[in-house]
2 protein chains.
Amino acid sequence: MARKRRPTLSDVAAEAGVSKMTASRALRGAGDVSKTNADLVRTAAKRIGYVGNPLAASLSGKRSGLIGVVIPSLTNIVFAEVLSGIAEGIEGSGMQPVFGVTNYDPDKEYEVIRNMLSWNPAGLIVTGLDQPEDTLGLLRNAPVSVVQIMDLDGTPVSACVGMSHHAAGAAMAEALLAAGRTAFGYVGCGLDRDTRARKRFEGFAAALARHGTGFEATRTREGHSTTQAGRELTADLMAAHPGLDCIYYSNDDLAAGGAFHCIAAGLEVPGALLLAGFNGLDFVESLPVRIATSRTPRREIGRAAARIIVDPDRGEDPVAQRIVFSPRIDLGL
Amino acid sequence: MARKRRPTLSDVAAEAGVSKMTASRALRGAGDVSKTNADLVRTAAKRIGYVGNPLAASLSGKRSGLIGVVIPSLTNIVFAEVLSGIAEGIEGSGMQPVFGVTNYDPDKEYEVIRNMLSWNPAGLIVTGLDQPEDTLGLLRNAPVSVVQIMDLDGTPVSACVGMSHHAAGAAMAEALLAAGRTAFGYVGCGLDRDTRARKRFEGFAAALARHGTGFEATRTREGHSTTQAGRELTADLMAAHPGLDCIYYSNDDLAAGGAFHCIAAGLEVPGALLLAGFNGLDFVESLPVRIATSRTPRREIGRAAARIIVDPDRGEDPVAQRIVFSPRIDLGL
DNA sequence: TGTGGTACCGATACCGGTATCGGTACCAGT
DNA sequence: ACTGGTACCGATACCGGTATCGGTACCACA
């Protein structure tokens with residue numbers, strides 16, 4: 001059966017007996033429409049089941065209702081939660097999030113951003129501050145609001161919401177030192193790609209150094225973080241350095257893997273060995289042993305970033321906003 | 001500084017000394033362009049840094065390069081992985097995935113789908129087969145290819161890629177019975193919303209019934225699945241029914257929580273108590289105790305769904321495709 | 001009675017592409 | 001020389017909205 005063409009603004013206008021322009025204004029709630037006509041248009045639209053065409057509106061209005069989100073990975077629940085927060089943040093604004101995944105690949109990132117820009121979105125939310133120069137150029141020249149998220153250690157292109165990973169690493173080190181730990185190990189994955197994990201590592205190491213100590217041993221691996229990797233690296237690390245009393249992980253997944261190893265190996269956690277992760281993922285709470293972690297407000301970050309783009313009000317002038325979150329440390333003791 | 005207007009097709013045409021139309025054809029690789037002009041246009045485009053405007057192309061060409069993806073949740077890693085698979089599947093097709101999250105709310109789902117359709121995307125990927133009638137109407141009348149994913153138990157609107165959850169539940173029950181288990185318990189979350197989990201439960205129960213048995217006890221809770229919930233519900237269940245030798249969970253997260261409880265409570269797993277989840281999430285492998293699970297090809301499902309939309313070739317006629325996956329059971333013994 | 005506002009409305013010109021269709025050039029066949 | 005293809009090209013009309021700007025009514029005020 002022939003599917004009916006979907007009604008356009010002209011149809012609404014005809015139905016309401018006004019001009020296209022008046023219909024457009026009425027539907028958008030723009031000014032210069034009499035109450036009578038506005039009602040007429042609205043009911044007409046409802047009657048014929050009119051749904052606006054954002055494509056046309058975007059093309060005409062110079063700005064689309066699209067929000068581009070660039071994240072390194074979806075498999076990492078952290079970014080999925082950020083996305084979730086973004087979805088919450090734009091709720092009711094009529095905007096659509098579109099995402100691109102870079103797999104921590106700078107070239108892919110450049111492509112993704114370029115591609116997104118071609119849709120001329122209302123805004124772009126990109127992860128991190130450490131893009132290569134050409135990507136930064138793209139972002140700086142983009143005629144859209146750019147929000148960089150998750151990180152604060154660096155110079156943002158414009159707005160920025162996140163936390164200092166360097167500080168987070170340092171804070172965890174301080175807390176662990178204060179808890180009496182003395183022999184530190186480190187386990188990380190994908191440090192070559194994940195600059196934020198690296199910043200945490202550096203912050204942690206710097207704090208240790210300030211206290212006249214350092215990591216006794218580290219185990220790192222390429223590829224992305226899995227509990228399995230955490231388990232294996234921990235086993236390896238502890239076999240070589242049984243004297244460690246604390247391991248810092250690049251994130252909770254690895255730390256959980258560490259916990260699993262310890263349980264299987266009969267190592268007492270956190271008594272003999274304290275494990276510290278990062279992110280404060282939900283499952284940490286229900287682990288059979290307690291581990292330390294830094295809780296990060298992922299959803300809030302997403303929400304805040306989305307709002308910056310959605311809200312036109314705050315600061316018409318190009319004062320770049322900077323929203324700072326601080327992870328909360330939980331030693332789990 | 002005044003940002004330069006981004007170059008349009010007309011600019012390219014002017015630069016190449018041909019008409020807009022010829023430039024358009026050349027860039028799209030459509031026919032009717034001499035090799036000479038095609039090269040001219042391509043180099044001109046490169047020279048002035050032309051990037052097409054998909055918005056305009058979509059408006060004009062009647063079909064956008066957008067693919068709408070409707071999923072119930074992002075927090076659940078399973079859907080994040082599906083999304084990931086979709087992103088892989090459309091790789092290189094120049095399409096953009098846009099997503100909408102429904103939080104398992106049918107009304108929200110209706111809204112999200114409606115909203116997505118307004119962008120008239122090339123295709124729509126929606127989760128599940130059990131939409132309410134009005135939503136189905138929306139999908140059936142949509143002038144786009146619709147792919148329903150994750151489920152097979154029901155009547156798809158058109159294409160469909162996924163697995164039978166009823167069968168998956170039944171298969172797991174058979175496997176557990178074959179492994180000699182006799183006293184079954186069940187733990188689930190959000191069954192009111194999650195129809196697929198419910199189908200697994202029903203399939204499992206039906207299989208038990210065929211063998212003249214059934215669940216001795218069940219513990220369910222609203223809200224979404226977390227390891228914490230799994231841990232609590234398991235503790236509760238085992239306290240009341242210490243004689244159980246097998247628990248079926250609505251998914252791996254809950255099952256992991258169950259495992260954590262058992263470890264903490266000193267229950268021998270899987271010897272005394274066998275835990276069975278669903279999904280085959282990565283972390284299952286590294287758990288300190290082995291649990292059973294059904295591995296689902298989430299990424300493949302996403303990829304397959306994306307391909308159905310991306311590829312115009314297969315079946316010009318509206319033969320609805322149906323791609324069947326079967327989860328693979330791993331008892332972890 | 002004129003004059004200036006204010007409120008509202010709609011014609012028209014885009015936005016940046018693509019579909020369509022009618023040329024023009026050039027060559028082969030007769 | 002005439003006809004019919006084939007290959008290629010570009011003018012024009014959209015796609016479905018919004019920005020802009022010039023009306024028209026109508027009222028208040030001088």
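Predicted, not measured: the structure shown is a model, and the values here were computed from it.
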Any residue meeting salt bridge (charged side-chain N to carboxylate O under 4.0 Å, His left out) with [X], in chain and number order, not counting sequence neighbours:
X: B/Arg298; value: B/Glu81
X: A/Asp151; value: A/Lys199
X: B/Glu91; value: A/Lys108
X: A/Arg303; value: A/Glu88, A/Glu300

- Query: Which residue pairs satisfy the side-chain hydrogen bond (donor to acceptor under 3.5 Å, both in side chains) criterion with at least one member in residues 92-102 of chain B, sequence neighbours excluded?
  - Reply: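 For residues 92-102 of chain B: none.
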- Item | Upstream residue (5' side of DNA chain D) when A/Asn53 and B/Ser19 are each assigned their closest nucleotide |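 Its nucleotide being nearer the 5' end, the pick is B/Ser19.
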- Contact nearer the 5' end of DNA chain D, comparing B/Thr22 with A/Ser24: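 On the 5' side of the pair lies B/Thr22.
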- Is it true that a side-chain atom of A/Gln148 and a backbone atom of A/Val157 form a donor plus acceptor pair closer than 3.5 Å?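 Flag set: sc A/Gln148 to bb A/Val157 pair under 3.5 Å.
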- Message: Between the opening five pairs and the closing five pairs of the helix from C/dT1-D/dA30 to C/dT30-D/dA1, how far apart are the helix axes, to 10°?
- Response: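 The two end axes of the helix from C/dT1-D/dA30 to C/dT30-D/dA1 meet at 50°.
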- Return yes if a side-chain donor-acceptor contact under 3.5 Å exists between B/Asn120 and B/Ser64, otherwise no.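 There is no such pair between these side chains.
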- Item | B/Thr22 and B/Asn37 side chains, donor-acceptor separation under 3.5 Å |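 Not at all, the side chains of B/Asn37 and B/Thr22 share no donor-acceptor pair under 3.5 Å.
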- Only pairs at least two apart or in different chains count here, so list each ring-ring contact (aromatic ring centres under 6.0 Å, His included) that has a residue in residues 84-132 of chain B.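 Listed by first then second residue: A/Phe99-B/Phe99.
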- Where along residues 27-48 of chain B does a heavy atom fall under 4.0 Å from DNA chain C?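 Only B/Arg28 qualify.
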- Task: Please list residues of residues 90-98 of chain B whose heavy atoms come under 4.0 Å from any atom in DNA chain C, ordered by number; otherwise none.
- Result: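 Of all residues in residues 90-98 of chain B, none places a heavy atom under 4.0 Å from DNA chain C.
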- Less than 4.0 Å between a side-chain N and a carboxylate O, is that true for B/Glu15 and B/Lys46?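 Salt bridge flag = no for B/Glu15 with B/Lys46.
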- 5' to 3' contact window, DNA chain C with chain B (heavy-atom distance under 4.0 Å):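 On DNA chain C, the outermost contacted nucleotides are C/dG16 to C/dT20.
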- Query: Is any side-chain heavy atom of B/Val78 less than 4.5 Å from a side-chain heavy atom of B/Thr296?
  - Reply: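 A side-chain contact under 4.5 Å is absent here.
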- Message: Once salt bridge (charged side-chain N to carboxylate O under 4.0 Å, His left out) is applied, what residue pairs with a partner in residues 17-29 of chain B remain, sequence neighbours excluded?
- Response: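 Qualifying pairs: none.
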What pairs of donor and acceptor atoms, side-chain ones from residues 48-59 of chain B against any protein atom, are under 3.5 angstrom apart with sequence neighbours left out?
from: B/Asn53; atom 1: OD1; to: B/Leu55; atom 2: N; distance (Å): 2.8
from: B/Asn53; atom 1: OD1; to: B/Ala56; atom 2: N; distance (Å): 3.3
from: B/Ser58; atom 1: OG; to: B/Pro54; atom 2: O; distance (Å): 2.5

